[in-house]
A.B. asks: 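Pasting a structure here, questions to come.
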Amino acid sequence: MDRSENNKIVEATIPPCCLKAQAYSPDAELEGNCHATVVSGWFTERDNDDKKMYFNNPMWPGEAHSLEVQEILFKERSDYQEVLVFESATYGKVLVLDGILQLTERDEFAYQEMISHLPLCSIKSPKNVLVVGGGDGGVLREVARHPTVENIDICEIDQMVIDVAKKFFPDLAVGFEDPRVHLQVEDALEFIRRVPKGKYDAVIVDSSDPVGPAQELVERPFFEMIANALRPGGVLCNMAESMWLHTHLINDMLSACRDVFKGSVHYAWASVPTYPSGVIGFILCSTEGPPVDFRNPVNPIEKFEGALENQSEPSFYNSEIHKAAFALPSFVKKQVSCL
Ligand code: SPD
């Protein structure tokens with residue numbers, strides 16, 4: 001076999017994405033790594049399916065955000081997904097599930113505070129709260145700021161996410177230490193099916209993106225079960241992606257929610273620099289019953305400040321941000337028909 005023939009064989013066996021990656025950075029180890037999320041010291045969100053093209057995620061095709069990696073701290077496959085933790089150069093430790101960034105130490109508070117306080121500050125004296133997903137504990141930490149809350153149930157499917165959070169993200173996993181928290185490791189649909197009608201004042205769905213284990217959490221049967229689990233005038237806050245990237249998905253979720261929830265349905269958003277497009281949205285719904293005006297917090301967070309020992313103030317959320325979160329750009333009003 002001569003050299004040119006040999007070269008031809010090598011080119012035929014390396015997939016085109018690897019060749020493209022080699023052109024970027026001819027690292028010795030690259031051939032074996034180019035289908036990973038960490039290449040040449042940089043993490044880039046990508047689809048976890050190795051057959052897909054380099055750095056292309058169907059949730060945000062044609063774009064990718066990267067973070068410089070200092071050290072990979074954990075990488076294992078659970079029964080549900082690949083779990084990765086790394087130390088980044090500029091955002092602290094980062095949690096990644098199935099190739100998609102879930103949180104960074106530097107900006108996690110914006111998401112956890114908004115998804116928790118938007119619903120809980122919209123109703124008077126929430127007592128019973130369910131968190132779906134949220135295995136890192138950050139939402140629990142925020143819900144626990146509310147002194148009226150007596151019971152916090154959490155249903156997370158993946159024990160490995162909880163274990164990893166306790167080991168690498170103690171500032172989030174501290175949420176599990178609150179005595180009001182009751183953890184169930186299970187598929188959320190199975191859990192919610194058993195919940196007595198009207199049990200919760202608020203349900204918060206802190207899921208990963210709707211590919212893989214979280215797919216069912218944006219569909220109508222799931223919303224119907226949540227509506228059943230809420231008391232009259234109870235509230236749901238559901239992670240609802242980016243208005244820059246996912247107006248179709250947002251439209252679908254909103255129209256399913258409008259059919260199911262007979263109270264009010266709104267969309268709100270917040271800035272989170274490490275999520276795709278730098279923003280993330282939330283769908284807020286209430287069931288039929290005492291009306292809920294999400295845009296005006298009747299249970300302002302400021303009145304709890306200093307109420308619980310050892311608690312710092314929220315870093316992102318306040319009543320002004322709450323009201324502002326419901327102001328939508330004109331293109332979103334046009335594209336999201338049912339707002
Ligand atoms: N595109 C990523 C959306 C991630 C939403 N869940 C984050 C979990 C943080 N508790």
Side-chain angles (χ1 to χ4, degrees), residues 37 43-48 57-61 63-67 80-85 91-119 129-144 152 154-158 160-162 164-166 168-176 181 183 188 203-215 217-218 237-246 249-250 253 268-283 314-317:
T37 51
F43 162 81
T44 301
E45 279 187 328
R46 64 178 294 279
D47 193 274
N48 218 38
N57 188 296
M59 291 288 294
W60 33 90
E63 60 184 88
H65 182 235
S66 299
L67 289 176
Y80 303 97
Q81 53 206 342
E82 187 189 83
V83 181
L84 167 71
V85 179
Y91 276 82
K93 288 200 270 300
V94 180
L95 174 66
V96 177
L97 299 179
D98 268 352
I100 298 180
L101 186 150
Q102 300 300 309
L103 61 90
T104 80
E105 284 184 314
R106 179 167 156 197
D107 66 2
E108 57 83 15
F109 58 84
Y111 173 86
Q112 328 274 11
E113 290 178 14
M114 290 296 273
I115 200 170
S116 307
H117 304 311
L118 286 174
V129 179
L130 169 64
V131 178
V132 174
D136 51 71
V139 170
L140 297 177
R141 178 193 69 200
E142 295 307 317
V143 174
I152 312 170
I154 172 167
C155 181
E156 162 64 53
I157 197 170
D158 196 341
M160 191 182 284
V161 173
I162 300 165
V164 155
K166 287 184 176 172
F168 296 104
F169 299 93
D171 290 348
L172 287 95
V174 67
F176 285 101
V181 169
L183 167 66
V203 175
I204 298 169
V205 181
D206 174 20
S207 62
S208 43
D209 297 287
V211 275
Q215 173 65 45
L217 306 186
V218 295
C237 185
N238 206 113
M239 191 279 284
E241 299 296 349
S242 163
M243 61 190 179
W244 288 105
L245 299 167
H246 305 118
L249 176 64
I250 295 166
M253 288 174 77
W269 60 283
S271 149
V272 180
T274 55
Y275 284 162
S277 81
V279 302
I280 191 103
F282 311 97
I283 285 180
S315 300
F316 189 91
Y317 178 89

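Remember, it's 1-based here, ligands and their atoms both numbered in the order they're listed. What you are looking at is a predicted structure, and each value in this text was computed from that prediction instead of being measured.
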A.B. asks: On a heavy-atom basis, I'd like to know which of D136, V131, L95 is closest to atom 9 (C) of ligand 1.
C.D. replies: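 That would be D136.
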A.B. asks: Once rounded to the nearest 0.5 Å, what's the spacing between atom CE of M253 and atom NE2 of H246?
C.D. replies: 11.0 Å
A.B. asks: Roughly how far apart are Y91 OH and T274 OG1, rounded to 0.5 Å?
C.D. replies: 6.5 Å
A.B. asks: Between D206 and Y111, is any side-chain donor less than 3.5 angstrom from a side-chain acceptor?
C.D. replies: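 A donor-acceptor contact under 3.5 Å links the two side chains.
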A.B. asks: For ligand 1, which atoms sit closer than 4.0 Å to a heavy atom of D209?
C.D. replies: 1 (N), 2 (C), 3 (C)
A.B. asks: Could you tell me the residue and atom name of the protein heavy atom closest to atom 4 (C) of ligand 1, and the distance to it rounded to 0.1 Å?
C.D. replies: Q102 OE1, 3.5 Å
A.B. asks: Starting from atom 7 (C) of ligand 1, locate the nearest protein heavy atom and write down its residue, its atom name and how far away it is, to 0.1 Å.
C.D. replies: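 Nearest protein contact, heavy atoms only, for atom 7 (C) of ligand 1 is Y275 OH, 3.3 Å.
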A.B. asks: Students should be able to answer this: which protein heavy-atom is nearest to atom 8 (C) of ligand 1, and at what distance?
C.D. replies: D206 OD1, 3.2 Å
A.B. asks: Numbering the atoms of ligand 1 from 1, which are under 4.0 Å from a heavy atom of L101?
C.D. replies: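 Under 4.0 Å from L101, ligand 1 has these atoms: 2 (C).
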A.B. asks: Quick check on contacts: which atoms of ligand 1 are under 4.0 angstrom from a heavy atom of Q112?
C.D. replies: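 Counting from 1, the qualifying ligand atoms are 9 (C), 10 (N).
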A.B. asks: Excluding sequence neighbours, so at least two apart, what forms side-chain hydrogen bond (donor to acceptor under 3.5 Å, both in side chains) with D136?
C.D. replies: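 Partners of D136 by the side-chain hydrogen bond (donor to acceptor under 3.5 Å, both in side chains) criterion come out as none, since no residue qualifies.
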A.B. asks: Among all residues two or more places apart in sequence or in another chain, which pass the side chain to side chain contact (heavy atoms under 4.5 Å, CB included) test with S277?
C.D. replies: S242, W244, L245, V279
A.B. asks: Could you check atom 6 (N) of ligand 1 against the protein and tell me its nearest heavy-atom contact, residue, atom and distance included?
C.D. replies: S207 O, 3.0 Å
A.B. asks: Indicate the ring-plane relationship of Y317 and H117, choosing parallel, tilted or perpendicular according to the 30° and 60° boundaries.
C.D. replies: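 Tilted.
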